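Quantities reported herein were computed from a predicted structural model and do not represent experimental measurements.
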Amino acid sequence: MNFTLLITVFLTAIVLVAGAYVIAKLIGPRSYNKVKGEPFECGIPTRGSSWIPMSVGYYLFAILFLMFDVETLFLYPWAVVVKQYGSMALVSIGFFLLVLVFGLAYAWRKGALEWK
């Protein structure tokens with residue numbers, strides 16, 4: 001395998017990233033003031049602390065969505081090769097979907113899908 005192309009790609013990437021960083025530092029604005037350091041939310045000044053405790057349910061719901069979304073992406077490669085492997089592919093994807101259904105049932109039973 002020829003590593004010259006790989007090394008060239010890496011060096012080009014490093015030079016481009018470093019160049020963009022240097023150019024941004026050279027021509028970017030440098031005005032720092034108190035207002036710039038404040039949190040911004042739709043132009044409305046904040047009252048009280050900006051750190052508000054959030055329910056863990058939001059994060060759990062997002063993680064479950066990402067987990068099932070990414071696992072669904074695994075169905076595409078299976079669909080591409082299903083004819084090649086025949087019944088073994090059907091058995092393996094059936095097991096995969098069964099694990100997904102059990103995971104969904106577990107999350108549902110634990111109340112992770114309820115929006116409170």
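- Val17 and Val15 fall into different hydrophobic clusters, where Ile, Leu, Val, Met, Phe, Trp and Tyr are joined by side-chain heavy atoms under 4.5 Å apart, directly or via other members.
- Separation of atoms CD1 (Ile7) and OG1 (Thr12) is listed at 11.5 Å; rounding is to 0.5 Å.
- Atom CG of residue Leu5 and atom CZ of residue Phe10 lie 10.5 Å apart, to the nearest 0.5 angstrom.
- Linking ILVMFWY side-chain heavy atoms closer than 4.5 Å, directly or via other members, places Phe96 and Trp78 in a single hydrophobic cluster.
- Each of Val99 and Leu104 belongs to its own hydrophobic cluster when Ile, Leu, Val, Met, Phe, Trp and Tyr are linked at side-chain heavy-atom distances under 4.5 angstrom.
- The cluster map of Ile, Leu, Val, Met, Phe, Trp and Tyr, joined by side-chain heavy atoms under 4.5 Å apart, puts Leu75 and Val81 in different clusters.
- To the nearest 0.5 Å, atoms CG (Asp69) and CG (Leu73) are separated by 5.5 Å.
- Side-chain heavy atoms closer than 4.5 Å link hydrophobic residues (I, L, V, M, F, W, Y) into clusters, and following such links, even through other members, never connects Phe68 to Ile63.
- Atoms CD1 and CG, from Ile93 and Leu100 in turn, are 8.0 Å apart once rounded to the nearest 0.5 Å.
- In this structure, Phe102 and Leu98 have side chains that are in contact, with non-hydrogen atoms separated by less than 4.5 Å.
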